[in-house]
Amino acid sequence: MFLETARTHFDEDIRRAFDLRDHAVGLVAGRLKDDLLRSAWTISVGAADAFYCDAYADLVSRTLRAKSLQPSGRLPDRLGNLRIPVVAVLNSTNSWQWRMAARELIEKESVLSIKEIKTLLNLFCRERHKLLTKDTIESWLVHTDARQRHFGMTRTAYNATAGVLRDRAKRTALEKFGKRIQILFQRRHDCIHNCDRPRLAIQRINSNATTKAIEDIRFLVERSCEHLRNEYPLYLAGREFTAITRNRVGA
């Protein structure tokens, strides 16, 4: 299945983050405990970064391979104008070559903003079915793993919102969620680039905040993966790729 490698690696990496957290919890308060918690936070965000890079490479490679198998299928201009190494074209029947070529396109990139995630992955979604938009956020809002800190409201509160007010609730939820995720991404940046000292003092950290950070990163990636797995086959169908072609590229 598409995204299988990206998701497997993410699940392994997020487990590593939880393991570090667990080890830190058993230590006495002090610098070592705090730095292990910072490491757990950092690994969890790095796991998301790796997932989105791998997911993009996976979807690019499958889409380009679909086009090579069925030239009549339509590609968006942005994807059709990608610069792909000659070796991938010459070995167009080899899905591994396509994947490696697509991975090279993003090897030096970091996908640590909601804007960048959407820019890359919404290329593989139909209009009005894009990732993290007002049209699609409801399934995230009502998910059993959704928390008030994600969206500024509980599932119960959202479900009780009158129909005419739901558009406003969705917009507010998207804004709140974007800010929450950016805080998590920024803390990883602070830890890596200035040892968690963005100003004069080292930022405080505790196991509760770290646990929530890891859980929220997992929530982001799991919902994104679900969305893309539901949407990508429909996207290819909308681009006039046949069921036979979709099946051949694993979608």
So, Glu226 versus Asn230: side-chain donor-acceptor pair below 3.5 Å or not? no

Less than 4.5 Å apart, any side-chain heavy atom of His227 and any of Cys125? yes

To the nearest 0.5 Å, what is the distance between CG on Asp145 and CH2 on Trp140? 12.0 Å

Under the salt bridge (charged side-chain N to carboxylate O under 4.0 Å, His left out) rule, what do Arg62 and Asp58 come out as? Steps first, then yes or no, please. CA-CA 6 Å; Arg62 291 177 193 275; Asp58 189 358; 2.5 Å; yes

Tell me which donor-acceptor pairs under 3.5 Å the side chains of residues 20-37 have, and how far apart each pair is, sequence neighbours excluded?
{"from": "Arg21", "atom 1": "NH1", "to": "Thr211", "atom 2": "OG1", "distance (Å)": "2.8"}
{"from": "Lys33", "atom 1": "NZ", "to": "Leu27", "atom 2": "O", "distance (Å)": "3.4"}
{"from": "Asp35", "atom 1": "OD1", "to": "Arg38", "atom 2": "NH1", "distance (Å)": "2.8"}

Within the structure provided, determine whether Val221 and Tyr52 are in side-chain contact (heavy-atom separation under 4.5 Å). yes

Is a salt bridge present between Asp190 and Arg187, judged by a nitrogen-to-oxygen distance below 4.0 Å? no

Compute whether any side-chain donor of one residue and acceptor of the other, for Thr63 and Tyr235, lie under 3.5 angstrom apart. no

Does Leu131 belong to the same Ile/Leu/Val/Met/Phe/Trp/Tyr cluster as Leu141, with side-chain heavy atoms less than 4.5 Å apart forming each link? yes

Steps toward salt bridge (charged side-chain N to carboxylate O under 4.0 Å, His left out) verdict (Arg166, Glu138): CA-CA 9 Å; Arg166 286 203 168 186; Glu138 185 170 75; 3.2 Å; yes

For Phe51, does the six-membered ring have the charged nitrogen or CZ of Arg7 within the cation-pi criterion, i.e. under 6.0 angstrom from the centroid and within 45° of the normal? no

Evaluate the ring planes of Phe219 and His150, with Trp represented by its six-membered ring, and classify them as parallel (under 30°), tilted (30 to 60°) or perpendicular (over 60°). parallel

In terms of side-chain geometry, is the basic nitrogen of Asp11 or Arg15 positioned less than 4.0 Å from the acidic oxygen of its partner? no

Please check: side-chain N/O of Asp49 versus main-chain N/O of Leu112, any donor-acceptor pairing under 3.5 Å? no

Show me the side-chain donor-acceptor pairs of residues 170-177 shorter than 3.5 Å, one per line, residues at least two apart or across chains.
{"from": "Thr172", "atom 1": "OG1", "to": "Arg168", "atom 2": "O", "distance (Å)": "3.0"}
{"from": "Glu175", "atom 1": "OE2", "to": "Lys179", "atom 2": "NZ", "distance (Å)": "3.3"}

Under the criterion side-chain contact (heavy atoms from CB on, under 4.5 Å), I'd like the reasoning laid out for Arg218 against Ile214: C-alpha separation, chi angles, the key distance, then a yes or no. CA-CA 6 Å; Arg218 182 171 62 184; Ile214 301 171; 5.6 Å; no

